[in-house]
Amino acid sequence: EPEVTQTPSHQVTQMGQEVILRCVPISNHLYFYWYRQILGQKVEFLVSFYNNEISEKSEIFDDQFSVERPDGSNFTLKIRSTKLEDSAMYFCASRGQIQETQYFGPGTRLLVL
Amino acid sequence: AQKVTQAQTEISVVEKEDVTLDCVYETRDTTYYLFWYKQPPSGELVFLIRRNSFDEQNEISGRYSWNFQKSTSSFNFTITASQVVDSAVYFCALSEPNSGNTPLVFGKGTRLSVIA
């Protein structure tokens with residue numbers, strides 16, 4: 001069964017460093033998303049992406065964040081200068097054109113020290 | 001504005017008991033989708049069910065069942081004869097397909113602990 005994959009599974013970084021989180025969505029899907037979950041809290045929407053551009057973003061997704069689909073398979077989230085409060089689990093999700101179900105990757109646990 | 005409320009923060013049951021997780025939603029759209037996801041201790045989000053706003057039929061899948069009632073804006077989830085493996089955080093979520101690229105709005109989740 002096709003699935004969304006994410007790398008790395010865990011990342012530890014120093015405050016102020018740049019991190020890139022990678023996702024490979026399900027191959028025939030067209031809509032891509034990033035969400036984050038601060039420990040013990042709810043899952044929050046960051047950004048959605050379709051047709052090579054951002055379609056929606058939340059207020060969390062400020063200038064420190066960017067997304068890219070550098071090739072036909074990867075979908076990346078970059079945090080330019082990490083802050084302590086960026087520590088969270090980051091989930092990538094994708095969906096096909098017709099179905100409205102978003103399938104999630106296993107997440108990347110980011111710890112900013 | 002969309003909102004999903006899961007009033008039960010934590011529930012503990014003894015194995016083999018039935019348990020119902022509540023979900024109440026708010027939306028202005030007449031077309032929307034409701035979801036339940038399971039987050040086991042390993043952390044991933046596992047899709048359980050999707051319901052569209054035009055389909056109020058209840059659904060049963062093994063020990064899981066879902067009760068969708070538009071009149072009360074609720075989409076409750078029942079686990080029958082609970083097992084230890086059901087221990088997880090369960091999230092209810094809502095999306096509005098007429099509102100752009102349909103991000104999911106999640107409730108805060110209910111942590112279910114099933115004790116042997």
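Per chain, numbering begins at 1; letters A, B, ... match sequence-line order. Reckoned from all heavy atoms, side chains included, excluding hydrogens, waters and symmetry mates.
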Problem - Positions in residues 105-114 of chain B that reach chain A, provided some heavy atom is under 4.5 Å away - result: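 Those residues of residues 105-114 of chain B which have a heavy atom under 4.5 Å from chain A are B:F106, B:G107, B:K108.
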Practice task
Give me the one residue out of B:N67, B:L48, B:T20 that meets side-chain contact (heavy atoms from CB on, under 4.5 Å) with B:F77.
Solution key: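 Answer to the side-chain contact (heavy atoms from CB on, under 4.5 Å) test with B:F77 among B:N67, B:L48, B:T20: B:L48.
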Handout entry: Which portion of B:Q39 sits near chain A, non-hydrogen atoms under 4.5 angstrom
Key =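 Side chain of B:Q39 only, per the 4.5 Å heavy-atom cut-off to chain A.
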Problem - Donor-acceptor side-chain pairing of B:Q2 and B:Y32 below 3.5 angstrom - result: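 There is no such pair between these side chains.
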Exercise for the section: Find out if a path of hydrophobic residues (ILVMFWY) with successive side-chain heavy-atom gaps under 4.5 Å connects A:L46 to A:V19. Expected result: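 Both belong to a single hydrophobic cluster.
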Handout entry: B:W36 and B:F75 aromatic ring geometry - parallel, tilted or perpendicular at 30°/60° bounds
Key =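 Correct class here is tilted.
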Problem - Ring geometry between A:F104 and A:Y35 (parallel below 30°, tilted from 30 to 60°, perpendicular above 60°) - result: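 Ring orientation, 0 to 90° scale: tilted.
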Problem - Engaged part of A:Q37 at the chain B interface, taking heavy atoms whose separation is under 4.5 Å - result: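 Side chain only.
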Exercise for the section: Measure the spacing between CE of A:M89 and CZ of A:R109 and express it to the nearest 0.5 Å. Expected result: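 Between atom CE of A:M89 and atom CZ of A:R109 there are 4.0 Å.
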Practice task
Output, in order, the C-alpha distance, side-chain angles, deciding distance and verdict of side chain to side chain donor-acceptor pair (under 3.5 Å) for A:D71 and A:S73.
Solution key: CA-CA 6 Å; A:D71 53 44; A:S73 58; 3.2 Å; yes
